[in-house]
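Here the structure is laid out as structure tokens; the discussion comes afterwards.
What's counted below: heavy atoms across the whole structure, side chains too, no hydrogens, waters or symmetry copies. Keep in mind the model is a prediction, meaning the values are calculated, not measured.
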Amino acid sequence: MKKNEAGSIPACYNGVHPALKASFGYSFIKAAMKFRTMLSQELEKHKLVTAHIGILKLLSLNGPASQIALGQDMGVDKASMVKFLDGLEKMKWVRRVPDKVDRRIKLVEITSKGAEGLKKVLDVHSAVTNEFLSPLSAKERQTLHEMLNKLT
């Protein structure tokens with residue numbers, strides 16, 4: 001392995017020292033950070049953050065839900081959920097409506113604009129995922145996904 005002038009760091013290692021790549025934790029976190037950065041950069045173009053995808057997807061699949069239920073399903077605290085929902089509501093992608101059974105509870109529902117936006121955002125998510133996973137074969141992608149599901 002070719003070393004730099006100081007003789008201690010390999011000259012060609014694509015920005016991450018091989019000693020660090022040998023650590024599972026380091027590689028796992030770096031991969032997650034790389035994917036999140038790629039996705040966040042694309043979502044910023046739509047004035048969205050990654051949590052917005054989860055919220056919209058859950059509302060699209062399950063129908064209206066309380067802020068508390070959404071937060072529990074996503075593992076997001078109440079204050080953060082309010083911030084995420086405020087952003088989506090400002091864009092008119094969701095709306096808060098009174099619960100018909102208990103009017104003290106506000107339910108969040110996806111709007112038609114939000115449903116249309118979700119389709120576009122899922123396309124963006126898919127494109128970023130495909131780009132990120134491009135070094136892997138289809139079988140490796142499937143295996144990685146299955147293994148990650150076991151860990152979460």
Side-chain angles (χ1 to χ4, degrees), residues 13-152:
Y13 61 86
N14 292 333
V16 178
H17 194 285
L20 296 176
K21 281 189 170 185
S23 165
F24 169 79
Y26 184 85
S27 296
F28 184 78
I29 290 169
K30 288 299 276 189
M33 288 172 50
K34 179 180 178 182
F35 179 75
R36 185 177 184 107
T37 299
M38 291 171 67
L39 184 57
S40 293
Q41 287 173 344
E42 291 302 312
L43 290 177
E44 279 178 22
K45 297 174 185 176
H46 303 276
K47 298 183 172 125
L48 297 170
V49 295
T50 54
H52 289 145
I53 298 172
I55 292 167
L56 293 168
K57 198 169 185 178
L58 287 173
L59 293 173
S60 177
L61 291 172
N62 301 329
S66 71
Q67 292 177 187
I68 293 171
L70 284 170
Q72 289 171 341
D73 286 346
M74 293 182 57
V76 173
D77 63 84
K78 292 176 189 179
S80 296
M81 182 56 66
V82 168
K83 181 181 170 186
F84 296 141
L85 291 174
D86 286 349
L88 288 171
E89 193 170 40
K90 185 176 181 181
M91 295 170 52
K92 301 194 183 312
W93 285 32
V94 301
R95 68 178 150 252
R96 292 176 172 109
V97 297
D99 186 335
K100 291 176 183 171
V101 176
D102 185 347
R103 299 194 56 84
R104 296 171 296 171
I105 297 173
K106 291 284 186 179
L107 296 179
V108 180
E109 63 184 14
I110 192 168
T111 63
S112 57
K113 185 175 181 181
E116 290 172 25
L118 176 60
K119 290 176 188 172
K120 293 176 187 171
V121 170
L122 290 176
D123 288 343
V124 168
H125 187 277
S126 180
V128 170
T129 300
N130 287 334
E131 180 184 346
F132 177 74
L133 296 175
S134 64
L136 303 179
S137 69
K139 178 65 177 161
E140 288 171 324
R141 290 177 187 206
Q142 180 182 350
T143 300
L144 176 62
H145 193 190
E146 289 169 359
M147 290 188 298
L148 290 172
N149 280 337
K150 282 185 177 181
L151 297 173
T152 56

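- Put simply, CG on Leu85 and NZ on Lys83 are 12.5 Å apart, with the number rounded to the nearest 0.5 Å.
- Within a 6.0 Å sphere centred on CZ of Arg96, other residues, nucleotides and ligands contribute more than 12 heavy atoms.
- Of the listed residues (Leu107, Leu88, Leu70, Leu118), just one forms a side chain to side chain contact (heavy atoms under 4.5 Å, CB included) with Leu59, and that residue is Leu70.
- Using a 4.5 Å heavy-atom cutoff, the side chains of Phe28 and Leu148 are in contact.
- No side-chain donor-acceptor contact under 3.5 Å links Ser126 to the backbone of Asp123.
- Contact detail for Val76 and Ser80: the closest heavy-atom pair is CG1-CB, 3.6 Å.
- Within a 6.0 Å radius of CD1 in Ile68, no more than 12 heavy atoms belonging to other residues, nucleotides or ligands are found.
- At least one side-chain heavy atom of Ser134 sits under 4.5 Å from a side-chain heavy atom of Arg141.
- Lys92 and Lys113 get closest at one heavy-atom pair: O-CB, 3.6 Å.
- Here the OG atom belonging to Ser40 is positioned 9.0 Å from the CZ atom belonging to Phe35, to the nearest 0.5 angstrom.
- Side-chain contact between Tyr26 and Lys21 is absent, with no heavy atoms from C-beta onward closer than 4.5 Å.
- To the nearest 0.5 Å, atom NE2 of residue His125 and atom CZ of residue Phe132 are 11.0 Å apart.
- Side chains of Pro98 and Lys106 form a contact here, defined as non-hydrogen atoms less than 4.5 Å apart.
- Contact of the Ile53 side chain with the Leu48 side chain is not registered, since no non-hydrogen atoms from C-beta on lie closer than 4.5 Å.
- Val97 places a side-chain heavy atom less than 4.5 Å from the side chain of Glu109.
- Side-chain N or O atoms of His46 include none that pairs as donor or acceptor with a backbone N or O of Leu43 at under 3.5 Å.
- The distance from the CG atom of Asn130 to the CG atom of Leu133 is 7.0 Å, given to the nearest 0.5 Å.
- The environment of His145 atom NE2 is sparse: at most 12 non-hydrogen atoms of other residues, nucleotides or ligands sit within 6.0 angstrom.
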task = Report the C-alpha distance between Lys139 and Thr143 in whole Å, list the side-chain angles of each, state the deciding distance to 0.1 Å, and finish with yes or no for side chain to side chain contact (heavy atoms under 4.5 Å, CB included).
result = CA-CA 6 Å; Lys139 178 65 177 161; Thr143 300; 4.0 Å; yes
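- Residues Met81 and Met74 have side chains in contact (heavy-atom distance under 4.5 Å, counting atoms from C-beta outward).
- Ser60 places no side-chain N or O within donor-acceptor distance of the main-chain N or O of Leu56, the cut-off being under 3.5 Å.
- We find the CE-CZ distance between Met33 and Arg36 to be 10.5 Å, quoted to the nearest 0.5 Å.
- For Glu42, the side chain to side chain contact (heavy atoms under 4.5 Å, CB included) test picks out Lys45, Val124, Val128, with sequence neighbours left out.
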